[in-house]
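Report on the following structure.
All residue numbers refer to positions in the sequence shown, counting from 1.
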Amino acid sequence: MAEEKIRWEKTHCARMDHGGCALLVGVKDNRIEQVKGDPHGYLNRGYTCYKGRVSGDRLTHPERLRYPLKRAGKRGEGKWMRITWDEALDETAQNLLRIKEKYGARAVAFGAGMPKGLEHFVLIRLANVFGSPNIVASQDVCHAPRELTGIHTCGFYPVADFHNPTQLILSWASNLLSTSEEGQIASLALDQLKKGARLIVVDPRRTELADRADLWLQLRPGTAQALALGFLNVIIEESLYDRDFVEKHTYGFEDLARHVKQYTPEKVSEITWVPPEPIRRAARLYAEAKPAALQWGNAIEHDVNAFDAARSLVCLMAICGNLEVPGGNVNAHDPKIMGLGEFVRADLLPDKRREMIGAHHGVIPRLMTVPPAFFRKAVLEGTPYPVRGYYGMCTNPLVAWADSTTTYKAFMDLDFVAVSEIFMTPTASLADIIFPVAHQFEINDIGHYGIGHGMILARPKLVDPPDECRPDIRIMNDLGSRLSAPEYWHKDFEEFLEDVLRPSGFTYSEFVAKGYLKGPDRFRLHREQGFRTPTGKVELKLSTAGKFKLKEFPEFTTLPEEEDPEYPLILISAKSRYFLMSSYRWVERLREKRPRPVVEIHPETAAVHGISDGEDVVIETKYGEIIQEARVTDIVHPLTISAALGWWFPEGDAAEQFEWRKSNFNMLTSIEKLGKEFGTPNLKNIPCRIRRYMG
């Protein structure tokens with residue numbers, strides 16, 4: 001029998017980040033042989049990162065989960081017994097229904113990590129059909145602060161447009177050369193630079209992007225809104241704003257102008273460590289470029305002042321006339337596909353907004369997931385009501401959420417935990433039932449649905465999964481039919497893909513052949529329709545502030561955490577190009593690139609503490625301490641250290657949850673102090689100290 005030749009298939013990367021890179025995947029004998037970038041990719045044009053190129057390795061690891069498991073010993077003890085799929089589904093359904101009968105449906109929470117594909121929205125549908133308003137997700141520190149602040153300020157989520165010519169990119173807390181941002185991939189930004197766009201980088205670290213910049217502003221961590229308010233001060237004082245746009249399309253400009261008078265470059269310099277003249281120069285460059293794109297990154301969402309930071313940046317886009325213009329920050333319109341509300345059956349839970357755990361804590365309207373800090377209060381304190389059950393997928397809360405110690409207590413306290421996973425993780429090790437999942441390349445999926453970038457991407461199945469591994473969508477479809485009336489679920493779970501596409505007129509196979517669907521470009525709609533806000537304008541002054549108990553204007557009042565002479569350094573973090581948060585440390589070729597967690601320390605700081613490059617270092621905040629390996633480098637400020645995120649050790653002891661305490665950044669964070677709007681904790685910008693690890 002002739003050996004099968006490699007066949008090349010097209011798909012899009014997923015579950016390594018938000019995905020988006022179009023890929024050419026070489027398949028042979030039901031194995032992924034090679035992955036490379038597709039030169040015709042809409043977002044990447046041939047580029048893909050190292051994570052993407054080795055992504056097929058995820059499917060063949062010898063310790064991959066390959067059949068359903070039931071806890072056999074005490075929770076977290078690392079003892080399991082193999083069970084059938086029917087047993088796993090039946091037992092999960094019975095436990096969730098038992099909790100529902102005793103405490104009500106809202107006592108079961110459904111958990112997700114960063115949205116990866118259609119399964120995220122099937123999970124929301126499962127919760128809605130079950131009757132629970134509580135989807136626990138990481139949106140408090142990822143995407144929602146920018147998206148919802150945009151919606152409240154200008155009526156949409158302003159996305160940097162790199163598909164049309166721009167004169168300047170203002171990259172704020174974003175490093176596209178290392179990690180992507182919800183579909184914003186380095187190749188398009190680099191094309192703009194090659195065509196002559198100027199680049200300003202705002203980042204506490206001297207990133208690879210900062211090395212390419214015309215101007216790099218190394219701000220003090222935790223002061224983003226102060227710097228943005230300084231930009232606004234310069235632009236308004238020097239009359240560099242877009243007068244026509246401001247007069248016709250903004251609300252509250254004169255009040256904003258009075259408000260930002262106090263944020264002079266000199267005053268802002270004292271707060272941010274950035275000298276006054278670079279602040280003036282950067283503000284002028286941004287204001288004078290027509291158009292300019294502000295590429296804002298996830299890092300501005302990592303402390304309690306996320307709302308102020310995001311608001312100040314939307315105001316900056318607005319007064320310079322960069323909203324809804326090609327090459328600026330645009331409102332991305334979806335193609336003709338099923339709306340999210342219809343897909344998730346939002347009609348079944350009309351009181352969700354009032355019933356959610358977050359509503360009790362007064363989070364901003366439209367935040368439709370539960371901040372993890374509030375979920376844990378419900379578990380441990382019964383506030384505002386008890387939560388006793390949890391079903392989670394695509395997530396590893398024990399390492400990924402702030403305050404890992406409290407997370408551990410909460411999961412140990414729950415009556416029932418079920419998790420779907422590809423590999424045993426610290427969180428999965430605390431479950432009662434584990435479902436083994438089929439992963440990317442083994443499932444048919446749709447990418448970028450529901451994340452506000454105006455496109456969906458085809459992710460077709462390329463190889464068969466192991467015999468007992470099933471797609472998350474199938475697991476939830478089968479579980480849903482046990483938890484509720486079968487009319488809400490499909491006989492063939494892949495009908496969910498057809499549901500999404502039906503308004504477009506495409507079948508899933510036709511969509512795969514096309515590769516992606518993009519919504520129409522609709523620039524300057526505000527000239528005819530205004531903005532989708534209560535005033536019909538960009539709300540520089542928030543008209544709903546009184547109604548929703550929000551601030552009228554962004555402001556800088558205080559650092560995220562008070563300075564403490566006992567902890568003289570500032571702790572930040574940066575995502576690794578080799579991992580996705582806590583994922584894939586078990587993938588050998590990725591681990592070879594970054595075998596240990598590394599903390600970046602300035603040479604002056606290292607010398608003061610007697611620390612040499614490659615030595616183990618203890619990092620301590622008032623909340624805890626961990627050990628990481630020192631990298632001595634001048635890319636960080638002498639008063640700042642940047643530690644690695646998401647670390648656990650798959651080679652460690654399962655009964656100890658794989659050494660989740662040893663190097664895990666979130667042993668150093670707390671949920672004592674939270675931002676009001678999104679329930680955001682301080683994930684960064686935390687006073688800390690370091691010392692040599694003496695063993």
Side-chain angles (χ1 to χ4, degrees), residues 1-17 19 21-38 48-69 80 82 85 88 113 116-117 119 393-396 419-429 434-445 447 459-475 576-595 646-652 654 658:
M1 188 173 178
E3 184 181 12
E4 183 185 349
K5 294 181 179 179
I6 290 180
R7 73 177 194 275
W8 289 95
E9 304 280 359
K10 291 192 172 191
T11 188
H12 288 87
C13 195
R15 300 195 182 206
M16 283 298 193
D17 53 35
C21 285
L23 302 178
L24 295 173
V25 180
V27 181
K28 179 182 176 183
D29 298 325
N30 202 47
R31 288 177 63 97
I32 306 297
E33 295 289 329
Q34 187 179 351
V35 178
K36 57 188 180 181
D38 182 348
T48 189
C49 69
Y50 185 76
K51 290 201 302 282
R53 293 194 293 276
V54 305
S55 54
D57 292 7
R58 295 172 293 181
L59 308 184
T60 55
H61 194 286
E63 293 182 34
R64 180 179 173 179
L65 296 171
R66 293 174 181 270
Y67 43 80
L69 295 172
W80 303 94
R82 181 175 180 172
W85 267 98
K116 309 297 190 302
E119 76 283 340
M393 57 157 206
C394 298
T395 186
N396 185 11
V419 170
S420 68
E421 259 296 352
I422 184 174
F423 199 90
M424 186 67 76
T425 66
T427 304
S429 73
I434 300 177
F435 298 104
V437 295
H439 210 53
Q440 197 210 348
F441 304 133
E442 298 173 337
I443 62 175
N444 286 318
D445 194 15
R459 298 175 180 167
K461 176 181 174 179
L462 306 180
V463 294
D464 292 321
D467 289 344
E468 289 202 59
C469 295
R470 297 182 180 180
D472 275 300
I473 297 173
R474 179 181 174 184
I475 297 169
S576 170
R577 69 182 64 217
Y578 300 116
F579 307 114
L580 171 60
M581 296 301 292
S582 72
S583 300
Y584 307 124
R585 278 166 182 77
W586 43 271
V587 176
E588 206 167 294
R589 284 197 284 175
L590 294 177
R591 190 68 178 277
E592 286 171 357
K593 291 287 187 181
R594 187 56 53 83
W647 271 89
W648 57 286
F649 298 89
E651 64 275 20
F658 309 102

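The number of heavy atoms from other shown groups lying within 6.0 Å of CZ (R53) is above 12. No more than 12 heavy atoms of other residues, nucleotides or ligands shown are found within 6.0 angstrom of CD on E588.
Proximity of a side-chain donor or acceptor of R58 to a complementary backbone N or O of H439 within less than 3.5 Å is not detected. Using a distance-only test at 3.5 Å, with no hydrogens or angles considered, no donor-acceptor pair links the side chain of R470 to the main chain of R474. A donor-acceptor contact shorter than 3.5 Å links the side chain of N30 to the backbone of D464. Proximity of a side-chain donor or acceptor of E9 to a complementary backbone N or O of L462 within less than 3.5 Å is not detected. Although no hydrogens or angles enter the test, the distance criterion places a donor-acceptor pair under 3.5 Å between the side chain of E119 and the main chain of G117.
Taking 4.5 Å as the limit, some side-chain heavy atom of W85 sits within range of a side-chain heavy atom of P436. Side-chain contact check for I6 versus Q34: every heavy-atom pair is 4.5 Å or farther apart. For the pair R66 and E468, the minimum side-chain heavy-atom distance is 4.5 Å or more.
Of all non-hydrogen atoms in V35 and S55, the two that sit nearest each other are CG2-OG, 4.1 Å. Closest approach of G113 and T395 over heavy atoms only: N-CB, 3.5 Å. Heavy-atom minimum distance, N396 versus S582: ND2-OG, 3.1 Å. Closest approach of K461 to N444, counting heavy atoms only: N-OD1, 2.7 Å. The nearest pair of heavy atoms linking W80 to M424 is NE1-CE, 3.5 Å. Closest approach of R594 and S576 over heavy atoms only: NH1-OG, 4.4 Å.
Annotation: cation-pi geometry not satisfied between R585 and F649 (NZ/CZ under 6.0 angstrom from ring centroid, within 45° of ring axis). Relative to the six-membered ring of Y67, R82 meets both conditions, a distance below 6.0 Å and an angle of at most 45° to the axis. The cationic atom of K593 (NZ for Lys, CZ for Arg) lies less than 6.0 Å from the six-membered ring centre of Y50 and within 45° of the ring axis.
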Test log, rule side-chain contact (heavy atoms from CB on, under 4.5 Å), inputs V587 and H61: CA-CA 7 Å; V587 176; H61 194 286; over 6 Å; no
CA sep, side-chain torsions, deciding dist, call: R15, E442, salt bridge (Lys or Arg N to Asp or Glu O under 4.0 Å): CA-CA 12 Å; R15 300 195 182 206; E442 298 173 337; over 6 Å; no
Worked check of salt bridge (Lys or Arg N to Asp or Glu O under 4.0 Å) between E651 and R591: CA-CA 11 Å; E651 64 275 20; R591 190 68 178 277; 2.8 Å; yes
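Atom-to-atom distance recorded for Y578:OH and L590:CG is 9.5 Å, nearest 0.5 angstrom. Rounding to the nearest 0.5 Å gives a distance of 10.0 Å between CD1 of I434 and OG of S420.
The residue from I422, V419, L65 that alone fulfils the side-chain contact (heavy atoms from CB on, under 4.5 Å) condition with V437 is I422.
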